[in-house]
Amino acid sequence: MTRASQVRADKLNALDMIYVGGGDTEKMVALWRSNECDRVLCDAARRGLPVAGVSAGAVCWFDRFLFHSGSGPMRPLKGLGLIKGGACPHYSTETDRQPALLRAVAGRTMPDTVAIDDGVAVVFDASGPVDLCSAEPDASAYHIKRAADATVTQTRLSL
């Protein structure tokens, strides 16, 4: 670990939690990787520091996430790998997300994925999702899974 990474680690160890806001997940994760923040963040989380976020800040922690920059097609990208599987934000509010995610899971460019509506929080532990809270009555989160016969299922999480 470089001296700069050690300083970051020391600062993180003094926190109660890490919260990451929204934005451009691709640029955010690339910047973190370029200066070793990815390792420092994941090490802190593995030591028990809670991590949380919204939009980009929620999906960055997963193995893969469905990314859209506002132009061009949505595409799967590699996340920090702290949470197993995939994640997709804005699932029911951005109309292109559902078909793009279903295609990506069917084509195995995305693993089994948790798709999260706006206004929904999903709590994870090492075993997967363990709690769900919604600020909107019809909003939820879904487990998108590819079956052996290549069909894709969508199951509403009920925790």
Side-chain angles (χ1 to χ4, degrees), residues 12 15-33 37-38 41-42 44-159:
L12 286 179
L15 300 176
D16 294 323
M17 74 173 295
I18 300 168
Y19 179 86
V20 180
D24 186 323
T25 325
E26 181 178 38
K27 288 180 182 175
M28 179 177 70
V29 170
L31 177 64
W32 286 347
R33 285 188 177 121
C37 278
D38 58 334
L41 289 166
C42 289
R46 287 184 188 107
R47 283 192 307 275
L49 187 65
V51 296
V54 61
S55 189
V59 300
C60 65
W61 309 108
F62 289 79
D63 290 329
R64 310 268 305 162
F65 57 88
L66 190 65
F67 175 74
H68 189 245
S69 66
S71 61
M74 290 187 197
R75 63 193 192 281
L77 293 177
K78 184 178 178 186
L80 298 179
L82 191 61
I83 302 173
K84 185 174 172 45
C88 176
H90 315 297
Y91 189 61
S92 295
T93 53
E94 294 182 7
T95 57
D96 294 344
R97 286 212 180 253
Q98 287 186 19
L101 179 60
L102 297 176
R103 280 191 306 274
V105 172
R108 293 189 175 157
T109 57
M110 282 288 288
D112 292 350
T113 295
V114 174
I116 307 165
D117 287 342
D118 291 351
V120 173
V122 182
V123 179
F124 289 82
D125 70 9
S127 67
V130 295
D131 202 1
L132 177 87
C133 179
S134 177
E136 301 293 330
D138 294 329
S140 191
Y142 309 87
H143 189 216
I144 311 300
K145 186 175 181 179
R146 184 182 189 279
D149 66 358
T151 60
V152 176
T153 60
Q154 173 179 297
T155 306
R156 187 178 181 125
L157 292 180
S158 56
L159 304 169

Nearest 0.5 Å, what's the CG-CG distance between Asp125 and Asp131? 10.5 Å
Mind checking whether Asp63 and Lys84 have side chains closer than 4.5 Å, heavy atoms only? yes
Have Gln98 and Tyr142 got a donor and an acceptor in their side chains that come within less than 3.5 Å? no
Does a side-chain heavy-atom distance below 4.5 Å link Thr25 with Val59? yes
Would the number of heavy atoms belonging to other residues, nucleotides or ligands and lying under 6.0 Å from CG of Asp16 be above 12? no
Atom CD of Glu94 and atom CG of Asp118: how far apart are they, to the nearest 0.5 Å? 7.0 Å
Side-chain heavy-atom pair Ile144, Val152 within 4.5 angstrom cut-off: yes
When you measure from the side chain of Asp38 to the backbone of Val29, do you find a donor-acceptor pair of N or O atoms at a distance under 3.5 Å? no
So, do His143 and Leu157 sit near enough that their side-chain heavy atoms are less than 4.5 Å apart? yes
Min side-chain heavy-atom separation Trp32-Leu80 under 4.5 Å: yes
Indicate every side-chain donor-acceptor pair of residues 50-57 with a distance under 3.5 Å to a residue at least two apart or in another chain.
{"unit_1": "Ser55", "atom_1": "OG", "unit_2": "His90", "atom_2": "NE2", "d": "2.7"}

Working to the nearest 0.5 Å, report the span between CG of Leu41 and SG of Cys60. 8.0 Å
Between atom OH of Tyr91 and atom OG1 of Thr113, what is the distance when rounded to the nearest 0.5 Å? 9.5 Å
Shortest non-hydrogen contact from Val120 to Ile116? O-CG2, 3.6 Å
Given the rule in the side chain to side chain donor-acceptor pair (under 3.5 Å) test, do Asp117 and Ser140 qualify, once you have shown the distances and angles that lead to the verdict? CA-CA 6 Å; Asp117 287 342; Ser140 191; 5.7 Å; no
Is there a donor-acceptor pair under 3.5 Å between the side chain of Arg64 and the backbone N or O of Gly86? no
Grab the two heavy atoms, one from Phe62 and one from Ala87, that are nearest each other, plus how far apart they are. CD1-CB, 3.3 Å
For Arg156, I'd like to know if atom CZ has over 12 heavy atoms of other residues, nucleotides or ligands within 6.0 Å. yes
Going from SG on Cys42 to CZ on Arg47, what distance comes out if it is rounded to the nearest 0.5 angstrom? 11.0 Å
Ignoring hydrogens, what is the shortest heavy-atom contact between Ala139 and Ser134? Give both atom names and the distance. O-OG, 3.2 Å
What distance do Met110 atom CE and Leu101 atom CG have between them, rounded to the nearest 0.5 Å? 5.5 Å
Closest non-hydrogen atom pair, Arg46 against Gly81: NH2-O, 4.5 Å
Taking the basic N atoms (NZ, or NE/NH1/NH2) and the acidic carboxylate oxygens, is any pair closer than 4.0 Å for Glu26 and Arg75? yes
Can you name the nearest heavy-atom pair linking Pro89 to Arg97, along with the distance? O-CD, 2.9 Å
